[in-house]
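Quick notes on the structure that follows.
Chain naming here is simple, since letters A, B, ... match the order of the sequence lines and numbering starts at 1 in each. No experiment lies behind these values; they were computed from the predicted model shown.
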Number of protein chains: 2
Amino acid sequence: MAIQRQSLREQIETEVMNRVGAGDFDMGESINEVTLSADLGVSRTPLREALISLSQQGVITRISGKGFRWAPISERDFAEAVQIIAALECLALELSPADELNVIAPRILDAAKAFTATEALAEEVNSHDDDFHELLLSKCPNRRLLETIASHKVALRRYEKFFVGAKDRVERAATEHSAIANALIAKDLSAAQAALTANWLNSTSRIGKAMASKEGAKAAV
Amino acid sequence: MAIQRQSLREQIETEVMNRVGAGDFDMGESINEVTLSADLGVSRTPLREALISLSQQGVITRISGKGFRWAPISERDFAEAVQIIAALECLALELSPADELNVIAPRILDAAKAFTATEALAEEVNSHDDDFHELLLSKCPNRRLLETIASHKVALRRYEKFFVGAKDRVERAATEHSAIANALIAKDLSAAQAALTANWLNSTSRIGKAMASKEGAKAAV
DNA sequence: TCCCATATTTCTGTATACAGTATACTGAAC
DNA sequence: GTTCAGTATACTGTATACAGAAATATGGGA
């Protein structure tokens with residue numbers, strides 16, 4: 001049994017990010033360390049350490065003397081992160097040994113198709129999406145690269161709540177992911193990269209619309 | 001007058017990195033928080049916060065329960081970081097508005113040539129190198145990207161000491177940088193990207209040799 | 001001499017305490 | 001009513017204290 005005593009700081013980091021994903025915090029607002037630490041049932045020390053870690057990942061901004069603040073969200077901010085992730089995932093594909101990529105290509109296609117089978121539960125869709133990308137990059141030998149990608153994806157969790165309502169999300173993802181997988185099966189790396197980039201960049205415009213409509217709904221209340 | 005009271009944590013971070021660049025620490029070894037904080041004349045709290053920040057940048061690794069450790073250096077580790085930086089700087093060029101890039105292209109060439117004029121003082125060479133890349137990316141509108149690139153470059157400071165002895169470094173850099181600049185002047189973005197990538201990847205093989213010779217010198221003592 | 005168990009020390013991870021700065025509030029002058 | 005000064009409060013940044021886990025040293029038995 002592999003009980004891995006996780007440090008409080010790490011637990012706090014994941015818990016905070018779960019709450020961020022659930023939309024429990026107002027992005028752009030400042031963070032009260034005392035309140036939050038009390039809410040989590042821990043002291044300020046490990047909380048601050050977790051917040052510093054998250055600020056390095058772009059989830060939080062820190063202003064000297066004024067403490068921490070949830071990094072504001074915007075379509076532009078989302079686009080910036082996505083541009084980086086897309087480029088890095090393309091690099092990861094490029095660095096993956098071609099033969100190993102061929103071996104897993106069919107499985108990647110399966111993962112892409114698995115989408116359509118799911119019910120539209122938001123969490124389940126997220127999980128499938130993560131699985132797909134994880135499998136896609138699983139043969140990349142550059143571990144630092146994989147860590148960097150993961151780090152940037154953390155920042156995107158601030159936008160999770162905007163995804164829940166998207167009806168056509170499942171179909172789109174399945175289509176786009178299948179395109180990537182098929183390109184890999186055809187041993188066409190640059191086509192796979194193009195499809196992968198398209199997959200990411202498309203999400204930007206989707207988010208833009210989702211944010212606009214949610215903002216409208218919010219204003220109506 | 002713009003006095004900006006810097007937090008202790010930030011000062012520690014820069015001081016620690018300066019010492020890393022100077023080769024004051026043995027990479028791969030564990031970090032004693034008490035000793036280091038006493039040496040810096042601060043308490044453990046801001047030191048730990050700085051170390052956490054640096055661990056996010058890949059300068060330090062942390063093992064639960066065993067504290068911090070200087071991330072080991074190796075040619076492979078260097079190569080991993082360089083692959084990422086090269087890809088991200090290429091992306092930054094791609095995202096820079098073409099017209100703005102044209103405007104600064106001559107200045108970029110000047111910066112490339114400025115190299116040859118310098119004496120071979122290690123610090124001055126580093127500074128020129130940084131200036132060149134900073135100017136090159138100055139028109140990139142994706143701020144997150146620029147921060148990410150900077151973050152990865154911090155990790156490379158662990159290898160600074162291996163650069164000092166390189167005689168031909170100045171000429172090589174001048175040549176490679178000029179190639180980048182000339183491609184930009186010719187409005188050939190992909191050629192510029194190729195030259196930029198080559199510039200970075202070349203540094204990997206150079207580091208490999210430098211590490212081998214320094215290691216040999218160390219073993220001889 | 002080597003190995004293992006136990007004791008001791010060291011060090012990390014977390015909580016608490018304190019100081020100084022930023023913010024909010026109150027009240028008086030205009 | 002508005003503006004400014006002065007005071008009180010809240011909060012961050014840093015230092016210190018404490019508990020528990022690792023690492024190291026000590027000693028006895030094979």
| In degrees, rounded to 10°, what is the bend between the two ends of the helix from C:dT1-D:dA30 to C:dC30-D:dG1, using five pairs at each? | 10°

| message | Without decimals, in angstroms, what is the distance between A:Arg44 CZ and C:dA17 P? | response | 13 Å

| field | Closest to side chain of B:Thr45, choosing from D:dA15, C:dG13, C:dA15 | value | D:dA15

| query | Any side-chain N or O of A:Arg48 under 4.0 Å from OP1/OP2 of D:dG13? | reply | yes

| query | Just how far, in rounded Å, is C1' of C:dT12 from CG of B:Leu47? | reply | 12 Å

| query | When you match A:Val42 and A:Gly65 each to their closest nucleotide on DNA chain C, which lands nearer the 5' end? | reply | A:Val42

| field | Qualifying residues under side chain to side chain donor-acceptor pair (under 3.5 Å), relative to B:Asp24, sequence neighbours excluded | value | none

| message | Expressed as a whole number of angstroms, how long is the span from B:Glu49:CD to D:dG13:P? | response | 8 Å

| field | Listed once per pair and sorted, the salt bridge (Lys or Arg N to Asp or Glu O under 4.0 Å) pairs that draw on residues 196-206 of chain B, sequence neighbours left out | value | B:Glu176-B:Arg206

| remark: Residues passing the side chain to side chain donor-acceptor pair (under 3.5 Å) test with B:Asp131, sequence neighbours excluded, are none

| Spacing between B:Leu51 atom CG and C:dG13 atom P, to the nearest angstrom | 10 Å

| request: Rounded off to whole Å, could you give me the CD-to-C1' distance for the A:Gln6 and C:dT12 pair? | output: 17 Å

| task | Check B:Ser64 against A:Ser7 and note the closest heavy-atom contact, atom names and distance. | result | OG-N, 4.1 Å

| request: Pull out every residue in residues 30-41 of chain B that has a heavy atom closer than 4.0 Å to any atom of DNA chain D, ordered by number, or say none. | output: none

| task | Determine: side-chain N/O of B:Ser43 to OP1/OP2 of D:dA15, distance under 4.0 Å, yes or no. | result | yes

| field | Residue pairs, two or more places apart or on separate chains, that pass ring-ring contact (aromatic ring centres under 6.0 Å, His included) and touch residues 69-100 of chain A | value | A:Phe25-A:Trp70, A:Phe78-A:Tyr159

Sequence neighbours left out, cut at 3.5 Å: what donor-acceptor pairs do the side chains of residues 50-61 of chain A make with other protein atoms?
{"unit_1": "A:Ser53", "atom_1": "OG", "unit_2": "A:Glu13", "atom_2": "OE1", "d": "3.2"}
{"unit_1": "A:Ser53", "atom_1": "OG", "unit_2": "A:Glu13", "atom_2": "OE2", "d": "3.3"}
{"unit_1": "A:Ser53", "atom_1": "OG", "unit_2": "B:Gln56", "atom_2": "OE1", "d": "3.4"}
{"unit_1": "A:Ser55", "atom_1": "OG", "unit_2": "A:Ile52", "atom_2": "O", "d": "2.7"}
{"unit_1": "A:Gln56", "atom_1": "OE1", "unit_2": "B:Ser53", "atom_2": "OG", "d": "3.3"}
{"unit_1": "A:Gln57", "atom_1": "NE2", "unit_2": "A:Glu13", "atom_2": "OE2", "d": "3.2"}
{"unit_1": "A:Thr61", "atom_1": "OG1", "unit_2": "A:Arg69", "atom_2": "O", "d": "3.4"}

Might you list the N or O atoms of the protein lying below 3.5 Å from N or O atoms in nucleotides 23-25 of chain C, with each pair's distance?
{"unit_1": "C:dT23", "atom_1": "OP1", "unit_2": "A:Lys66", "atom_2": "NZ", "d": "3.3"}

| Is it true that A:Lys209 and A:Glu75 have a side-chain N and a carboxylate O under 4.0 angstrom from each other? | no

| message | The criterion is side chain to side chain contact (heavy atoms under 4.5 Å, CB included); which residues satisfy it with A:Arg44, sequence neighbours excluded? | response | A:Glu33, A:Val34, A:Ser37, A:Arg48

| Taking CG from B:Leu8 and C1' from D:dT12, how many angstroms apart are they, rounded to a whole number? | 14 Å

| query | Quick one: B:Arg69 CZ to D:dA22 C1', roughly how many Å, whole number? | reply | 13 Å

| Hey, does the side-chain of B:Arg62 have a donor or acceptor N/O within less than 3.5 Å of a partner on the base of C:dG13? | no

Side chains of residues 144-155 of chain A: which donor-acceptor partners sit under 3.5 Å, not counting sequence neighbours?
{"unit_1": "A:Thr148", "atom_1": "OG1", "unit_2": "A:Arg144", "atom_2": "O", "d": "2.8"}
{"unit_1": "A:Lys153", "atom_1": "NZ", "unit_2": "A:Glu89", "atom_2": "OE2", "d": "2.7"}

| query | Within this structure, what is the CZ-to-C1' distance between A:Phe68 and D:dT12, rounded to whole angstrom? | reply | 9 Å

| field | For B:Ser96, side chain to side chain donor-acceptor pair (under 3.5 Å) partners two or more places apart | value | none

| request: Look at A:Arg19 together with A:Asp39 and state whether they make a salt bridge at an N to O cut-off of under 4.0 Å. | output: yes

| query | Is there a donor N/O on one and an acceptor N/O on the other, under 3.5 Å, for the side chain of B:Ser7 and the base of D:dT14? | reply | no

| remark: Residue set satisfying side chain to side chain donor-acceptor pair (under 3.5 Å) with B:Glu80, at least two apart, ordered chain then number -> B:Arg76

